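Report on the structure given below.
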Amino acid sequence: MDERRICRRCLTRDIADQEMIFQNLQEYIKNLDRDIRAEDGLYESRLSVCLSCDRLLQGMCRVCGCYVELRAAVAARSCPMDQW
């Protein structure tokens with residue numbers, strides 16, 4: 001078992017393991033409070049829009065710099081381009 005702790009105060013550029021970045025993002029989404037988290041259908045619908053956007057680059061929005069999976073996971077958030 002890997003005993004390394006996940007650094008919660010690192011910049012993504014300092015994390016050499018891209019898989020760890022993905023795992024950190026997914027863990028954060030999974031642990032969002034239910035009262036702020038978007039329902040699964042809404043979340044997937046939002047990601048579908050992002051996937052068709054030419055401003056998506058390696059999971060990040062080039063307009064605002066967010067990780068689209070994180071933005072889409074919070075019900076109160078919206079697309080900076082008003083696509084959802």
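Values below: all heavy atoms of this structure, side chains included; hydrogens, waters and symmetry mates excluded. Here the structure is a predicted model, which means the values were calculated and not measured.
No continuous path of ILVMFWY side-chain contacts below 4.5 Å connects Met60 to Met81, so the two sit in separate hydrophobic clusters. If you chain together hydrophobic residues whose side chains sit under 4.5 Å apart, Leu47 and Ile36 fall into the same group. In the hydrophobic clustering of ILVMFWY residues, with side-chain heavy atoms under 4.5 Å counting as a link, Val74 and Val68 come out together. Criterion: ILVMFWY side-chain heavy atoms under 4.5 Å apart, direct or through other members. Under it, Val49 and Leu70 are not part of a common hydrophobic cluster.
Closest heavy-atom contact between Asp54 and Arg62: O-NH2, 2.7 Å. Taking both residues in full, the closest heavy atoms of Cys64 and Pro80 are given as SG-CG, 3.8 Å, listed atom of the first, atom of the second, then distance.
When the shell of 6.0 Å around CG of Asp40 is examined, it contains 12 or fewer heavy atoms from other residues, nucleotides or ligands. Residue Arg77 qualifies as open at atom CZ: its count of foreign heavy atoms under 6.0 Å is 12 or below.
Counting heavy atoms from C-beta outward, Ile29 and Glu69 have side chains that approach closer than 4.5 Å. Using a 4.5 Å heavy-atom cutoff, the side chains of Arg55 and Cys50 are not in contact.
Put simply, the side chain of Arg71 gets close to the backbone of Ser78: a donor and an acceptor are under 3.5 Å apart. For the pair Arg46 (side chain) and Gln83 (backbone), a donor-acceptor distance under 3.5 Å is absent.
Here Leu32 contributes atom CG and Glu27 contributes atom CD; the two are 10.5 Å apart, rounded to the nearest 0.5 Å. A distance of 10.5 Å separates CG in Leu25 from CD in Gln23, rounded to the nearest 0.5 Å. In this structure, CH2 in Trp84 is found 11.0 Å from SG in Cys53, a value given to the nearest 0.5 Å. For the atom pair CD of Glu44 and CG of Leu51, the computed distance is 9.0 Å after rounding to the nearest 0.5 Å. Distance OH/Tyr67 to CZ/Phe22: 12.0 Å, rounded to 0.5 Å.
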